[in-house]
2 protein chains.
Amino acid sequence: MDTKKRLEHIIELLRQQGKRLTPQRVAIIKVIVEDETHPSADHVYTQIKNDFPTTSLATVYKTIKLLKDSGELLELEFGDDGSRYDGRKPHSHPHLICTGCGTIIDTEPENFENIIAQMTLNSGFKIQGHRFDIYGLCPSCQK
Amino acid sequence: MDTKKRLEHIIELLRQQGKRLTPQRVAIIKVIVEDETHPSADHVYTQIKNDFPTTSLATVYKTIKLLKDSGELLELEFGDDGSRYDGRKPHSHPHLICTGCGTIIDTEPENFENIIAQMTLNSGFKIQGHRFDIYGLCPSCQK
DNA sequence: CTAGATGCAAATCGTTTGCACCGAA
DNA sequence: TTCGGTGCAAACGATTTGCATCTAG
């Protein structure tokens, strides 16, 4: 789904939920849907400030919570440096994370759900989701 | 490696590093090595308090840091409720986590390192470790 | 109009740190 | 004896919350 479609999808979803579409809220969602770098809350806030100088970080967090609760935003929690967000593909998927520069890269291995299903076959668990981060050095940080 | 051997291994390692083996420190390490529930810092602290009523949470955290830095303790960070620790198998391995009761279960799938190697084959990354949590409902929480 | 949203400041909470005192080696 | 360790309390920092004000519907 392209960015514009995804933005419209979320807007429509919020409308159906009776949520108000304030300019700040729409601007925040737009950044979250367009930014491919898995931004932090503060990074989103910084981008919003350009167009809405009075916007507060609290509003960014409230909008993030709104999207999380609607299943439209994937949160990647890092205990130390806070969370990063993926609003482009809000379902669980593995990420490659460079320990050198901090870059987070999406991966979508084929049959990954099958691998999980097979791994957990004898556990009796009813699987709901996962968190899979692979840490390493990206090509340019290896130099 | 059984619990006793593992405790002795860590003790010896610290001795080689010129670290002091205070009674509190040894007690904390003992709990970390014996507790199979992936305890939180506070949970370790509670257990230590039985034998060392004056011990502080700060000392528990300092000892945890010591073990982490020596590669003898795996930290599982959860943004919300803090971290849980695995001092029994301090290398990266997948965990099954019940979203109902919070239980954390170790898994050790065969060839898992191979799966990661294959998944990241085209990325150019030099892999250092991973974090893999699978979330779901355990058998008893499904009732 | 009015319930929901904003935005400031204060509160939260796991974790870290400063520092005076203590004790393992 | 000496330097690393302990433990109290204060600091930290990302996130949350209270509340008066504002505004989308």
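When reading the values below, keep in mind they use all heavy atoms of this one structure, side chains included, and skip hydrogens, waters and symmetry mates. Just so we're on the same page: letters track the sequence lines, and every chain starts at 1.
Close approach of DNA chain D to chain A, defined as any atom under 4.0 Å from a non-hydrogen atom of the protein, starts and stops at dA14(D) to dG25(D).
Listed by chain and number, the hydrophobic cluster partners of L13(A) come to none, as no ILVMFWY side chain reaches under 4.5 Å of it. Within the hydrophobic cluster formed by Ile, Leu, Val, Met, Phe, Trp and Tyr side chains joined at under 4.5 Å, directly or through other members, L121(A) stands alone, with no partner residue.
The neighbour count for K126(B) NZ, taken as heavy atoms of other residues, nucleotides or ligands under 6.0 Å away, does not exceed 12.
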side-chain hydrogen bond (donor to acceptor under 3.5 Å, both in side chains) between T59(A) and S56(A), worked out: CA-CA 5 Å; T59(A) 296; S56(A) 71; 3.2 Å; yes
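Remark: K5(B) does not engage E8(B) in a salt bridge, criterion side-chain N to carboxylate O under 4.0 Å.
Note on residues 92-114 of chain A: pairs passing salt bridge (charged side-chain N to carboxylate O under 4.0 Å, His left out), not counting sequence neighbours, are K89(A)-E108(A). Applying the salt bridge (charged side-chain N to carboxylate O under 4.0 Å, His left out) test to every pair with at least one member in residues 26-39 of chain A, sequence neighbours left out, gives these pairs: K30(A)-E34(A), E36(A)-R88(A). Listed by first and then second residue, the salt bridge (charged side-chain N to carboxylate O under 4.0 Å, His left out) pairs that reach into residues 38-66 of chain B are K65(B)-D69(B), sequence neighbours excluded.
Contacts between residues 26-50 of chain A and DNA chain C, counted as heavy-atom distances below 4.0 Å, involve no residue at all. Contacts between residues 60-83 of chain A and DNA chain D, counted as heavy-atom distances below 4.0 Å, involve Y61(A), K62(A), G82(A), S83(A).
No donor-acceptor pair under 3.5 Å is formed between the side chain of T120(A) and the backbone N or O of S123(A). R6(B) places a side-chain N or O within 3.5 Å of a backbone atom of G87(B) that can act as its donor or acceptor partner.
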Every protein N/O lying under 3.5 Å from an N/O of nucleotides 23-25 of chain C:
unit_1: dG23(C); atom_1: N2; unit_2: R20(B); atom_2: NH1; d: 2.3
unit_1: dG23(C); atom_1: N2; unit_2: R20(B); atom_2: NH2; d: 3.2
unit_1: dA25(C); atom_1: OP1; unit_2: L21(B); atom_2: N; d: 3.4

Enumerate donor-acceptor pairs with a distance under 3.5 Å from any side-chain N or O in residues 128-138 of chain A to protein atoms, sequence neighbours excluded.
unit_1: Q128(A); atom_1: OE1; unit_2: T99(B); atom_2: OG1; d: 2.6
unit_1: R131(A); atom_1: NE; unit_2: D133(A); atom_2: OD1; d: 3.2
unit_1: R131(A); atom_1: NE; unit_2: D133(A); atom_2: OD2; d: 2.9
unit_1: R131(A); atom_1: NH1; unit_2: E77(A); atom_2: O; d: 3.1
unit_1: R131(A); atom_1: NH2; unit_2: E77(A); atom_2: O; d: 3.0
unit_1: R131(A); atom_1: NH2; unit_2: D133(A); atom_2: OD2; d: 2.7
unit_1: D133(A); atom_1: OD2; unit_2: Y135(A); atom_2: OH; d: 3.3

Would you list the atom pairs, donor with acceptor, under 3.5 Å between side chains in residues 17-29 of chain B and any protein atom, with sequence neighbours excluded?
unit_1: Q17(B); atom_1: NE2; unit_2: S70(B); atom_2: OG; d: 3.2
unit_1: T22(B); atom_1: OG1; unit_2: R25(B); atom_2: N; d: 3.2
unit_1: R25(B); atom_1: NH1; unit_2: R20(B); atom_2: O; d: 3.0

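An end-to-end axis angle of 30° holds for the helix from dC1(C)-dG25(D) to dA25(C)-dT1(D), taken from five base pairs per end and rounded to 10°.
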